[in-house]
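Here the structure is laid out as structure tokens; the discussion comes afterwards.
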Amino acid sequence: MALQPIRGTRDILPDESRRHRLVTETARNISARYGYAEMSTPIMEVTEVFKRTLGDTTDVVTKEMYTFEDRSGGSVTLRPEGTAGVARALISGGLSQHLPLRYYYDGPMFRRERPQKGRYRQFHQIGIELLGEPGPAADVEVIAVGARILEMLGLKDKIKLEINSLGDTESRSSYRQVLVDYFGDHKGDLSEDSQTRLRKNPLRILDSKDEGDRKIVANAPVFSDSFTAEAKDFFAAVCEGLDDIDVAYTLNPRLVRGFDYYCLTAFEFVTDQLGAQGAVIAGGRYDGLVEVMGGPATPGVGFAGGIERMALLLDEDPVSSRPIAVVPVSAAQMREAIKLAESLRRAGLNIKLDLRGNLKKRLIRASRDNASVAVLIGEDELARGEATVRDLDSGDQQTVALDKLAADLLRFS
RNA sequence: GCGGGUGUAGCUCAACGGCAGAGCGCCAGCUUGUGGUGCUGGAUGUUGGGGGUUCGAUUCCCCUCACUCGCCCCA
């Protein structure tokens, strides 16, 4: 059997690559407008980095990480997400001296899940992190960046924003207890999945798709009942801030986050067009994270977005720039063609030069490559110090002096 | 990890258990200094892999791999 890529990994060929690039460039540019500077952390980290931060009971940590022993004996893990690495970098680099910090990143992440549409074992995320800002304005800013990226990508109509508050640490643990008590009373009626959730992550039951569960959930106590006054005010301020800058959202009291480090604001930009994979960009506040990793207590907010998911939602292929084909009429002009191509490239033009083939084949390839113009040089042209410039869309052609060629070709780019 | 569906040419897909096909694409010619449209001709398959039933398997059965949909989880 022919060699295949590892399950859940894929080759990203040029067409798809362009889509990915459009996503990352848009995200990077929009983030930069808000002051987020690009950084990147290693793809591998010491396993502890993820184990400590994501939560020992989450599926990602218990079943989905690519963890292996390094030759020196230490346990190493391919990153399943980006935030933990940034937090680790903050600590390792002593960056907390310079708070607040705004970072943008993109790159591959790895989770050993069952592949599905928009879900791969090696997938790619963009993300931003705002560290050292405790106030609700920070949450608003981060959400705005996400909203604006999606807008710029033309995805506004396909995606809606849902937000919720998980309460501060204090509210969260009291709510958790209230919830465990409530669901404990209905344990017999819960689905099998939810019974294990009750043990591992009771908040998740709120998000269950099981119909029976939903009935029980409908009457379950909600987060806000357990909020401290501070948590309540904080969430109100976030909502108000979003209203002020016209970021539309809906409240979803059942919105929960997967990783333990989240608190207060949680948000998801969701779509119904990717089957079971609804979340396109998701994030929230994670005030306890840096401290859990052994650093100074540092508030943080951020999000991660799935590049494949955004690329899948893009309506049309991003246009790629059209090359100009340099075409020697016969093999005798090949050396001149190489020299010409080189000088045009140095003038900033996008030149396609086939390394072999006759005139006919070269022109076929030129139109296949979507070239806008073919620059033909044959014996006659060279004798006069000219080239024939053929517009491949209209078929019109004219001769142009070689020393004016670069300037003339600009009208096609 | 659990459940369902699908694997046939480069791509999209046909073929009652009986000679593996079509469209697109590709190659060549019509056209020896001119592509895209047109016409003519041509090449291409271990039917995902392995095993079984059968005189005979692309077709039926089992295993396996991959893809896909849902669950779980998540971006």
Side-chain angles (χ1 to χ4, degrees), chain A residues 1-10 23 27 54 57-65 80-83 106-127 146 150 159 191-194 196-197 200-201 204 207-210 213 256-259 267-271 274-284 302-313 325 327-330 332-333 354 357-381 388-397:
Chain A
M1 203 197 312
L3 255 25
Q4 289 176 329
I6 292 174
R7 185 156 147 90
T9 68
R10 310 167 314 122
V23 171
L54 300 183
T57 59
T58 59
D59 278 14
V60 168
V61 169
T62 55
K63 313 191 284 216
E64 298 176 356
M65 294 203 306
E81 58 93 42
T83 303
D106 60 64
M109 307 291 164
F110 304 84
R111 289 182 204 169
R112 200 180 179 295
E113 299 177 278
R114 179 90 167 239
Q116 246 177 72
K117 179 163 153 191
R119 191 171 91 178
Y120 310 99
R121 290 182 172 185
Q122 176 180 336
F123 61 103
H124 301 79
Q125 290 186 329
I126 52 127
L150 295 170
I159 291 173
S191 66
E192 209 175 302
D193 279 333
S194 285
T196 55
R197 288 185 183 113
K200 287 166 52 178
N201 192 351
R204 270 277 162 215
D207 213 18
S208 175
K209 286 174 190 161
D210 182 89
D213 287 352
V256 177
R257 307 276 56 228
F259 302 135
F267 61 91
E268 283 185 8
F269 290 89
V270 297
T271 180
L274 288 178
Q277 280 60 245
V280 175
I281 287 181
F303 67 67
I307 295 177
E308 283 85 353
R309 292 182 184 181
M310 287 184 261
L312 241 22
L313 290 173
V327 177
V329 168
S330 77
Q333 292 86 42
D354 281 336
N358 58 28
L359 176 59
K360 194 182 177 82
K361 288 201 176 131
R362 287 171 188 278
L363 282 170
I364 290 173
R365 287 211 67 89
S367 35
R368 213 172 275 165
D369 292 337
N370 194 30
S372 50
V373 207
V375 175
L376 288 84
I377 52 171
E379 213 177 330
D380 303 347
E381 285 89 343
T388 297
V389 174
R390 180 179 178 85
D391 182 325
L392 290 174
D393 293 330
S394 66
D396 299 339
Q397 59 184 47

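The analysis underlying the following values was restricted to heavy atoms, covering all of them including side chains, and did not include hydrogens, waters or symmetry mates. First the proteins, then the strands, lettered A, B, ... as listed; each starts at 1.
In this structure, Ile6(A) places its CD1 atom 11 Å from P of A66(B), rounding to the nearest Å. Rounded to whole angstrom, the span from the CG atom of Leu363(A) across to the C1' atom of U34(B) amounts to 5 Å. The CZ-P distance, from Arg362(A) to G36(B), rounds to 17 Å in whole Å. At whole-Å resolution of the value, CD in Gln122(A) and C1' in A75(B) are 14 Å apart. If you measure from atom CD1 of Ile377(A) to atom P of U34(B), you get 17 Å, rounded to the nearest angstrom. Rounded to whole Å, the distance from CG on Leu150(A) to C1' on A75(B) is 12 Å. In this structure, Gln125(A) atom CD and C74(B) atom C1' are separated by 9 Å, rounded to whole Å. The nearest whole Å value for the distance from the CG atom in Asn358(A) to the C1' atom in U32(B) is 10 Å.
Judged by Watson-Crick or G-U wobble contacts below 3.5 Å, the nucleotide C72(B) has no partner. Across every strand in view, A66(B) sits in a pair with U6(B) that passes the Watson-Crick or G-U test at under 3.5 angstrom. The pairing partner recorded for U58(B) is none, the criterion being a Watson-Crick or G-U wobble arrangement whose two distances lie under 3.5 angstrom. Look at G41(B): its Watson-Crick or wobble partner, with both distances under 3.5 angstrom, is C27(B). Checking G21(B) for Watson-Crick or G-U wobble geometry (two distances, each under 3.5 Å) identifies C13(B) as its partner.
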* Asked: After noting the C-alpha distance and the side-chain angles of Glu381(A) and Gln333(A), does the key distance pass the side chain to side chain contact (heavy atoms under 4.5 Å, CB included) rule?
  -> CA-CA 10 Å; Glu381(A) 285 89 343; Gln333(A) 292 86 42; over 6 Å; no
* Please report the C-alpha distance between Ile159(A) and Leu313(A) in whole Å, then the side-chain angles of each, then the deciding distance to 0.1 Å, and finally whether the side chain to side chain contact (heavy atoms under 4.5 Å, CB included) criterion is met. => CA-CA 10 Å; Ile159(A) 291 173; Leu313(A) 290 173; 3.9 Å; yes
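The base of C72(B) has none of its N or O atoms less than 3.5 Å from a complementary donor or acceptor on the side chain of Arg197(A). For Arg10(A) against C67(B), a side-chain-to-base donor-acceptor contact under 3.5 Å is absent. Judged by distance alone, with hydrogens and angles left aside, Arg368(A) brings no side-chain donor or acceptor close enough to the base of G25(B) to form a pair under 3.5 Å. A donor N or O paired with an acceptor N or O is not found under 3.5 Å between the base of C65(B) and the side-chain atoms of Arg7(A). Judged by distance alone with a 3.5 Å cut-off, no donor-acceptor contact links the side chain of Arg365(A) to the base of G35(B). The base of G33(B) lies close enough to the side chain of Glu381(A) for a donor and an acceptor atom to sit less than 3.5 Å apart. A donor and an acceptor atom never sit less than 3.5 Å apart when one is taken from the side chain of Gln116(A) and the other from the base of U68(B).
Here Asp393(A) lies in heavy-atom contact (under 4.0 Å) with a base. Tyr120(A) comes within 4.0 angstrom of a nucleotide base, judged by non-hydrogen atoms across all strands. Within the 4.0 angstrom heavy-atom criterion, no nucleotide atom of any strand lies near Gly278(A). Among the atoms of the strands shown, base atoms are found under 4.0 Å from some heavy atom of Gly395(A). Within 4.0 Å of Ile364(A), counting heavy atoms only, lie sugar-phosphate atoms of the nucleic acid but no base atom. Looking at heavy-atom distances under 4.0 Å, Gly8(A) makes contact with sugar-phosphate atoms alone, never a base. Using a 4.0 Å heavy-atom criterion, one finds that Val280(A) contacts the sugar-phosphate atoms exclusively.
Between Leu376(A) and Arg390(A), the shortest heavy-atom contact is CD1-CB, 4.1 Å. Of all heavy-atom pairs between Gly8(A) and Pro115(A), the closest is CA-CG, 3.9 Å. The shortest non-hydrogen separation linking Ala374(A) to Val327(A) is CB-CG2, 4.3 Å.
Between Lys360(A) and the phosphate of U32(B), there is no side-chain N or O to OP1/OP2 separation shorter than 4.0 Å. OP1 or OP2 of C74(B) sits under 4.0 Å from a side-chain N or O of Arg204(A).
Comparing C73(B), A28(B), U68(B) by their nearest atom to the side chain of Lys361(A) picks out A28(B). Side chain of Leu359(A), nearest nucleotide from C72(B), U34(B), A75(B): U34(B). Out of C72(B), C69(B), C74(B), the shortest distance to the side chain of Arg309(A) is found at C74(B). Looking at the side chain of Pro115(A), the nearest of the listed nucleotides U68(B), C69(B), A75(B) is U68(B). Ranking C73(B), C2(B), G33(B) by closeness to the Lys209(A) side chain, first place goes to C73(B). Considering only the side chain of Gln397(A), U34(B) comes nearest among U34(B), C2(B), A75(B). Of the listed nucleotides (G33(B), A75(B), C69(B)), G33(B) has the atom at the smallest distance from the side chain of Thr388(A). For Ala279(A), whose side chain is taken as the heavy atoms from C-beta onward, the closest listed nucleotide among A75(B), C69(B), G33(B) is A75(B).
Taking the C1' atoms as reference points, U47(B) lies 16 Å from C65(B), given to the whole Å. Nucleotides C72(B) and C2(B) have their C1' atoms positioned 8 Å apart, rounded to a whole Å. Between the P atoms of G36(B) and G45(B), the separation comes to 28 Å (whole Å). Across C39(B) and C19(B), the matching C1' atoms stand 31 Å from one another, rounded to whole Å. Across the P atoms, G48(B) and G10(B) are found 13 Å apart, a figure rounded to whole Å. Of the P atoms belonging to G52(B) and G41(B), the separation is 44 Å, rounded to the nearest Å. Look at the C1' atom in both C24(B) and U37(B): the space between them is 16 Å, to the nearest Å. A gap of 29 Å separates the P atoms of G17(B) and G3(B), to the nearest Å.
Between Pro108(A) and His124(A) the shortest side-chain heavy-atom distance falls below 4.5 Å.
For the residue pair Gln397(A)/Thr388(A), the side-chain donor-acceptor check at 3.5 Å is not satisfied. There is no side-chain donor-acceptor pair under 3.5 Å between Asp210(A) and Ser191(A).
Listed for the Arg111(A) side chain is a donor-acceptor partner under 3.5 Å among the backbone atoms of Pro80(A).
Both Arg390(A) and Gly306(A) lie close to RNA chain B; mapped to their nearest nucleotides by heavy-atom distance, the more 5′-ward contact belongs to Arg390(A).
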